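Notes follow once the structure below has been shown.
Note that the structure is a prediction, hence the values are computed from the model and not measured. Because only heavy atoms are used, hydrogens play no part in the values below, and waters and symmetry mates are left out as well, while side chains stay in.
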Amino acid sequence: MNRLYNIFTFLSTFIRNILEVYSCIYLYQKGLIFREILLFYILVYLIGIILNIMIYFISRKVSINYLLIISIIFSIITYYLFHKSNNYLLLGILLSVSMFTYHPIRHIYGVYSLNNKVDIGNNLIFMYIAIILSNYFVMKRINILVIILLSFLSIIPLFFVDKKMYNSKMSLIKKDKVIFFIKDQGRVLFMLFEPLFLYLYIDNSIRYVGLFNVIVSIASIIYMYCIIRYVNVNKYFKFINIFLVFVLILKLNININNKYWLYVIAFLEGICFKTSELYSTNILYNTVDEPIGYIVMTQIIFLVARIVLLIISYFIGDIKIMLYMFIFIIFLISLKKDTIGVSS
């Protein structure tokens, strides 16, 4: 099962990474202004809440593996129409379906793997290699049919993966854990809008943004293979998180003539963000016996928090000020020890 899922992850990451990393830039290139892009993502996340509720009930009837197949099909349609259509309502609906028939299932699989002591390290390595290659494809303007073909191929392993049925009992989540999840959305949204910032303020070329993301991904692989063996994430998280805040502030203020320093920053950012992601994942996957209900609840918390932050950002109306707000929220995580736990 694990090997087949690794193959699926590798092949499906190409199109998913391109959509989730570059969609901001694609929307801007289509002529949307910053506030309109924010409204687009508010729509995506609102639909995501509905989809997560649907997943909770659908999972009682069919294997969640079929949702991954739906995710790939919608990702292919979304990717194609992002290049062909200006119907933003349709694009928002398609992007939401492609994202939120994938991410909850990925986390459910992660919880299942943790509970059954399945190593997911290789799965993450497969994902980061695919991210590097997908950014390379964007930089080289590889024909979209190649991306679509790889995505179709990713469906094949799913027919051979164990179609396990999971319990769908809802879980209550401790208050401190909810607060952490809310604050962690500052990191998620910063990463979402970072490519657009690079495009607007540093170098308005897809190639540069792609190279930046390649360096971030290489740093993440180095972290997974080397650093994680010697660094206690829980022990040093607050220090690394504060250092991440410093790196992000430095990036927002760097002189455009020194843009190559951003490659150094990209490397440091990749390591720090990977530490934050791993810390967040440890909290998300901790002590969960009923994965579907729990993951659906956490996804809804994530999405509501993102919607609120994007509404605030809409009234701010400036991407740089918005990113400073997200950095401040990232910093807040370092000020309080968040309790890990789940009550049922």
side-chain contact (heavy atoms from CB on, under 4.5 Å) with Tyr28: of Ile33, Ile37, Asn204, only one passes, and it is Ile37
Sorted by chain and number, sequence neighbours left out, side-chain contact (heavy atoms from CB on, under 4.5 Å) with Ile50 holds for Met54
| Ser276 versus Asn241: any side-chain heavy-atom pair under 4.5 Å? | yes
Practice item. Go through the steps to decide whether His103 and Phe302 satisfy the test ring pair (Phe, Tyr, Trp, His ring centres under 6.0 Å), and finish with yes or no. Key: CA-CA 12 Å; His103 286 296; Phe302 295 166; over 10 Å; no
Taken to the nearest 0.5 Å, the spacing of Ser313 OG from Phe326 CZ works out to 4.0 Å
Anything under 30° is parallel, anything over 60° is perpendicular, the rest tilted; go ahead and classify Tyr41 against Tyr45.
-> tilted
**Message:** Quick one: does any side-chain atom of Ser280 pair with a main-chain N or O of Glu277 as donor and acceptor, under 3.5 Å?
**Reply:** no
Looking at Tyr201, I'd like to know if the NZ or CZ of Lys320 sits under 6.0 Å from its six-membered ring centre while staying within 45 degrees of the ring's axis.
yes
Give the cluster check for Phe180 versus Val188: same hydrophobic cluster or not, with ILVMFWY residues linked at side-chain heavy-atom distances below 4.5 Å.
no
side-chain hydrogen bond (donor to acceptor under 3.5 Å, both in side chains) assessment of Asp318 paired with Tyr324 | CA-CA 10 Å; Asp318 183 278; Tyr324 276 118; over 6 Å; no
Only one of Ile330, Leu323, Asn253 passes side-chain contact (heavy atoms from CB on, under 4.5 Å) with Leu248, and that residue is Ile330
For the residue pair Phe237 and Tyr279, categorise the inter-ring angle as parallel (less than 30°), tilted (30 to 60°) or perpendicular (more than 60°). parallel
